[in-house]
2 protein chains.
Amino acid sequence: MTRTDENVRYPLRSKRPDYAPGSGARSVQNVLGVLEGRWKLIILFELFGGRLKRFSELERAIPAISQKMLIQQLRQLERDGVVARIVHPEVPPRVEYHLTEWGQRLCPALDQLLIWAESAPDEIRQALIVPEG
Amino acid sequence: MTRTDENVRYPLRSKRPDYAPGSGARSVQNVLGVLEGRWKLIILFELFGGRLKRFSELERAIPAISQKMLIQQLRQLERDGVVARIVHPEVPPRVEYHLTEWGQRLCPALDQLLIWAESAPDEIRQALIVPEG
DNA sequence: CAGCATCCGCTACGATACTG
DNA sequence: CAGTATCGTAGCGGATGCTG
């Protein structure tokens, strides 16, 4: 068992705000927490493109991610019902990931987010450039 | 100067992935990083509702946030051109926050996110309930 | 190939106390 | 009222090595 990592659920990051407790807002915040995590969005963007993707395909598609993080984020997304995993009973093993039905419904939202991001004023895009590779 | 906190810019969480370097993807990732942070979305939702809001109004609206975090997140949002700050030269001081024009353009995206969040299957909403207050 | 296990640095976040 | 300063901590995320 890992010490801290891994299977913790943290809606909108670790301890949730007791924000409008009991109301709809609270649960919406919880649900949005599903998207938290450094690589979740990137992974989702990747899966939107190509229906089914193998673990190694995702690794190649996102060179900067470590194996640990890739698995961890995928597992959390799976646990939260956004992506699903297909294990092919073969040797060597083949595992494929894809979006669940609910996960696919994210598309419009992410599209809008992209549109917004691309509408960023030049000054802001400039300011956001982080030097050093 | 604070040790680590505060004025760090961390697109999509601290060190960005050298994901599709040079392409548009990279800068989109950077821009989306603007929304990162535990309270950013909550604050933005709050500001969508009521045009101008005072610091203390935000505090009251989001009881679980600490002063430090509220300021920090507001400052970052301000720096990134999403919210703006109006300081009224009065005693006692009055400061009001509101969305910039670009910030307002986030509305469709956040709307879609809400729609998605509310479309969560009951099983998932159930699973997301975190016990203990 | 897909994945766990483990050690570890770093930092985002929280709680508390103080100020103009 | 609207902040700043400081300290302590959880746990995210990286690197490396091992397994079926």
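In what follows, chains are A, B, ... by sequence order, proteins preceding strands, each numbered from 1.
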Problem - Over all atoms of both residues, closest heavy-atom pair of A/Trp39 and A/Gln73 - result: N-NE2, 2.9 Å

Handout entry: Distance, rounded to the nearest Å, where B/His88 contributes NE2 and D/dA2 contributes P
Key = 10 Å

Handout entry: Selected nucleotide, minimal atom distance to B/Val95 side chain, candidates C/dC13, D/dG13, D/dG3
Key = D/dG3

Exercise for the section: Indicate whether OP1 or OP2 belonging to C/dT16 is found under 4.0 Å from a side-chain N or O atom of B/Ser66. Expected result: no

Practice task
Take the angle between the ring planes of B/Trp102 and A/Trp116 and call it parallel below 30°, perpendicular above 60°, tilted in between.
Solution key: parallel

Practice task
Would you classify B/Glu59 as touching base, sugar-phosphate or nothing, given that sugar-phosphate means primed atoms plus P, OP1 and OP2, and contacts are heavy atoms under 4.0 Å?
Solution key: nothing

Fill in the blank from the handout: Looking only at D/dG3, D/dT6, D/dG13, the nucleotide nearest the B/Tyr97 side chain is D/dG3

Exercise for the section: Measure from CD on B/Gln67 to P on C/dC18 and round the result to the nearest Å. Expected result: 14 Å

Problem - Residue-phosphate contact under 4.0 Å: A/Arg60 side-chain N/O, C/dC1 OP1/OP2 - result: no

Problem - A/Arg75 vs C/dC4: side-chain N/O to OP1/OP2 distance below 4.0 Å - result: yes

Handout entry: Greater than 12 external heavy atoms within 6.0 Å of B/Glu90's CD
Key = yes

Exercise for the section: Calculate the interatomic distance between B/Glu96 atom CD and D/dG3 atom C1'; express it in whole Å. Expected result: 16 Å

Fill in the blank from the handout: Rounded to whole Å, CD1 of B/Ile71 lies from P of D/dT6 at a distance of 15 Å

Exercise for the section: Write down the distance between CD (A/Glu57) and P (C/dC1), rounded to a whole number of angstrom. Expected result: 12 Å

Practice task
Calculate the interatomic distance between A/Gln72 atom CD and C/dA2 atom P; express it in whole Å.
Solution key: 19 Å

Problem - Distance in angstrom units between A/Met69 CE and C/dC10 P, rounded - result: 16 Å

Problem - Nearest heavy-atom neighbours spanning A/Val83 and A/Leu74 - result: CG2-O, 3.9 Å

Fill in the blank from the handout: Side-chain atoms of B/Ser56 come closest, of D/dA2, D/dG14, C/dA2, to D/dA2

Practice task
Would you kindly give the CD1-to-C1' distance between B/Ile65 and C/dG14, to the nearest whole Å?
Solution key: 11 Å

Practice task
Respond yes when some side-chain nitrogen or oxygen of B/Arg54 is under 4.0 Å from OP1 or OP2 of D/dC1, and no when none is.
Solution key: no

Completion exercise
All heavy atoms of A/Leu44 vs all of A/Leu106, minimum pair found to be CD1-CD1, 3.8 Å

